[in-house]
K.L.:
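Below: one structure in C-alpha cells.
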Amino acid sequence: MLDRYDGHILGLATADGRRVVIGRWLRSPWPPFADVMTQDVGGRRTLLAPHRDVADEIAATYVFDDVVLTPVRVTCDGTARRWFVDAGPLTADVTIGDRTPLGRLLRAVPRPLARSRTFATLADPVARALLPGVRTRGSAGAGRREWYGATDQHAVVDARVAWDGRPCGDLLPAVPPVAFGFSSVPRRPTVTTVRTTIERPER
C-alpha cells in the first residue's frame with residue numbers, strides 16, 4: 001500500500017545545537033497538517049504531532065525518544081516570505097530567501113517525473129554524492145520503504161526559535177545530521193517542496 005504526502009520540509013539548526021525539521025503537508029491520507037521533528041544537542045529526538053493517528057504513523061516510520069501530542073500550527077506569509085510555527089514547546093519565526101541552485105535544477109524537471117519513485121531511485125546516488133547525509137530512497141521502520149521526490153527548494157535566511165520559552169540562539173549556516181531515519185536534511189538551512197511516498201507492507 002502506498003501513502004503519499006505532498007508539501008514542504010524545512011530544516012534548520014540553531015546555535016544551542018538544536019536541529020528542527022518542520023513538515024507542512026498539504027495533501028496526505030489526512031486533512032492538511034504539520035509536524036515537527038527536533039533533536040537537541042544531546043541527541044534526544046522529539047516528535048511534535050497534532051493528533052494520535054498522525055503521531056503513530058510518523059513514529060512507525062521514524063525513530064524518536066519522545067512523542068508529544070500538541071497542536072502544530074504553521075502560518076505562511078507569502079508577502080513577507082516567513083513561516084510562523086507554534087508547536088507546544090517550540091515556536092519559530094523563519095524567513096525564506098531565494099531559490100537555491102538545486103531548486104533551479106529541480107524546477108527544470110517535469111513535475112510528474114520529479115515526484116515519481118523512479119526519479120527518486122535514479123537520483124539517490126547523485127544525492128549521496130552531492131548532499132552528504134541526504135538520501136532520496138531507503139528503508140524506513142516497520143518494513144516500510146520510502147522515497148523523496150523534490151520539486152523545488154529555497155534557502156532559509158533567518159530564524160528565531162525558542163524551546164520551552166528559551167531562545168535557541170542564532171540560525172546556523174550548516175545543519176548537523178539528524179537521526180530520525182535513513183536520510184538527513186540538506187546541510188544548508190532550506191525549505192524543500194517534496195512528495196514523500198511510503199510503501200507499507202500489506203496486512
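All residue numbers in this chain count up from 1 along the given sequence.
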K.L.:
Does R81, at its CZ atom, have more than 12 non-hydrogen atoms belonging to other residues, nucleotides or ligands within less than 6.0 Å?
P.N.:
yes

K.L.:
Identify the residue among D6, D35, T196 that makes a side-chain hydrogen bond (donor to acceptor under 3.5 Å, both in side chains) with W25.
P.N.:
D35

K.L.:
Looking only at non-hydrogen atoms, find the nearest pair between A59 and L47 and report the distance.
P.N.:
N-CD2, 4.4 Å

K.L.:
How far apart are the closest heavy atoms of T192 and A150, and which atoms are they?
P.N.:
CG2-CB, 3.7 Å

K.L.:
Which residues pass the side chain to side chain donor-acceptor pair (under 3.5 Å) test with T121, not counting sequence neighbours?
P.N.:
W147

K.L.:
So, for V157 and I96, which heavy atoms are closest and what is the spacing to 0.1 Å?
P.N.:
CG2-C, 4.2 Å

K.L.:
Enumerate the residue pairs fulfilling side chain to side chain donor-acceptor pair (under 3.5 Å) with a member in residues 9-19, sequence neighbours excluded, ordered by first and then second residue.
P.N.:
T14-D16, R18-T38

K.L.:
Does E199 come within less than 4.0 Å of R137, counting only side-chain N to carboxylate O?
P.N.:
no

K.L.:
Which pairs count as salt bridge (charged side-chain N to carboxylate O under 4.0 Å, His left out) when at least one residue sits in residues 97-106, sequence neighbours excluded?
P.N.:
R99-D152

K.L.:
If the condition is ring pair (Phe, Tyr, Trp, His ring centres under 6.0 Å), which residues does F180 pass it with, not counting sequence neighbours?
P.N.:
F64

K.L.:
For V191 versus V156, what's the shortest heavy-atom pair and its separation?
P.N.:
N-CG2, 4.1 Å

K.L.:
Show every donor-acceptor pair shorter than 3.5 Å between a side-chain atom in residues 163-179 and any protein atom, with sequence neighbours excluded, or say none if there are none.
P.N.:
none

K.L.:
Please step through side-chain contact (heavy atoms from CB on, under 4.5 Å) for the pair D124 and R135, ending with a clear verdict.
P.N.:
CA-CA 6 Å; D124 188 59; R135 301 280 307 278; 3.2 Å; yes

K.L.:
Indicate the atoms forming the closest heavy-atom contact of A92 with V161, along with that distance.
P.N.:
CB-CG2, 4.0 Å

K.L.:
Among pairs that include at least one residue of residues 58-71, which meet salt bridge (charged side-chain N to carboxylate O under 4.0 Å, His left out), considering only residues two or more places apart or in two chains?
P.N.:
R44-D66, R45-D65

